[in-house]
Amino acid sequence: MNNAIVQNRIQYIAIIFSIVLLIFIFELIRRKKIREQYSLLWLFFSIIFVVLSIWREGLDAFAKLVGIDYAPSALFLLLVLAIFLILIQFSIIISRLSEENKKLSQESGLLKLEIDEIKKKFSSQSGSTNTK
Amino acid sequence: MLPKILIIIPAYNEEHIIADVILDLHKENPDWNLLVINDGSTDKTKEFAESTGLARVINLPFQVGIGSCVQTGFIYAKKNNFDYAIQFDGDGQHKVCEIENLLKPVECGEADVVLGSRFYIKNKKYKSTIPRSIGIKTFKIINSILIKQKITDNTSGFRAYNKKAVNFLSTNYPTDYPEPEAVILLGRNGFKIKEIYVDMNQRSGGKSSIRGFYSIYYMIKVFLSILLTFIRPRFHNKKQNEESV
């Protein structure tokens, strides 16, 4: 009996955790705190968590497939996988952002110089035609 | 017609010396176009450089690092169709009288890139710490193997480039700690590199940016970049050729 309660307890925790996660992610997208394009991995994995924590047979089958005796640990395996993928995606996005950031700052520096030179030329021209 | 020559001067917090560097360069040859690239300095580098009235000053909005800073100069050189570009540190380490020597091989078409080396001839003047000299020697060996050419001073930031090299580097230049990586990048992409001996001043202001714990990060980062640059040369080459067509 004890064993059954313990086993059920981890399942309840998993169900609550994954549903809260799904709602939380969904809420963040709804409020535009996360862009849709960056939320796909989050949504995908939270749905998988919800499904597998409710559908015990599915989790058992998956655990058997990858050779895990204690089925709920298969959830942790998936969790680690999800975190890895999402973090790698972050690294890609950060690298792209810093590249774009670099180009923007270079461009802004070059433009500032150009504007200053145009201003100078303009003010010297207008200075010669009308003596202010 | 005289060739258009741009001196690219990257500067980060060099208020005490930047004006002297500009004046020296102007005195040496008033025909040179001087371009200071102020890498988001927090001191008065901008004001001191602009006050001379002898150099154009590009002020980057925040510190982007020496690589992207110098690359801004290449972009400027490309846009304004300069024939040759010289990379010259804003900290007073490089000597203006060496610029002509550096320019000669690119001007006569002997090389696309000329590196000013402190170590090209045996020289006891530059004493450095043990880890640093190990680093410098390691670069020498690795780069020599990878591009089949002995380069004695891979970290020197005193270099001359012709138009072809400038155009290439304006779209492909490494970000932080770019010097050794740039040598590989240029070598692997078929640019003719020549090294000549130059005398340098001891640093008169500022300390090396590479110290202590950072040097470990520096070595690992540069090695990784060198390795990857070695793996992907053709990609850059292709891209560059497509762009220039």
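Naming: A, B, ... by sequence-line order, numbering from 1 per chain. Predicted model only: the values in this text are computed from it and were never measured.
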Q) Does a sphere of radius 6.0 Å around CZ in Phe84(A) hold more than 12 heavy atoms from other residues, nucleotides or ligands, not counting ones at 6.0 Å or beyond? A) no
**Q.** Check against side chain to side chain contact (heavy atoms under 4.5 Å, CB included), Val64(B) and Gln106(A)
**A.** CA-CA 9 Å; Val64(B) 293; Gln106(A) 289 176 329; 5.6 Å; no
Q) Just wondering, more than 12 heavy atoms not from Phe24(A) lying within 6.0 Å of its CZ? A) no
Q.
Less than 4.5 Å to any heavy atom of chain B: does that hold for the side chain of Ser108(A), its backbone, both, or neither?
A. side chain
(Q) Tell me whether Arg35(A) at atom CZ has more than 12 heavy atoms from other residues, nucleotides or ligands lying less than 6.0 Å away. (A) no
Q: Kindly check if the number of other-residue, nucleotide or ligand heavy atoms within 6.0 Å of CZ (Phe62(A)) is above 12?
A: yes
Q) Checking side-chain contact (heavy atoms from CB on, under 4.5 Å) against Leu113(A), which of Asn59(B), Leu35(B), Val57(B) comes through? A) Leu35(B)
Q | Gap separating the CG atom of Leu60(B) from the NZ atom of Lys102(A), nearest 0.5 angstrom | A | 11.5 Å
Q) Is the number of heavy atoms from other residues, nucleotides or ligands under 6.0 Å of Lys44(B) NZ greater than 12? A) no
Q. Picking from Glu99(A), Glu107(A), Lys112(A), which has the most non-hydrogen pairs under 4.5 angstrom with chain B?
A. Lys112(A)
(Q) With rounding to the nearest 0.5 angstrom, report the CG to CD distance, Asn80(B) to Glu114(A). (A) 7.5 Å
Q: Assess whether atom CH2 of Trp42(A) is packed by more than 12 heavy atoms of other residues, nucleotides or ligands within 6.0 Å.
A: no
Q: Drop me the distance from Ile58(B)'s CD1 to Leu110(A)'s CG, to the nearest 0.5 angstrom.
A: 4.0 Å
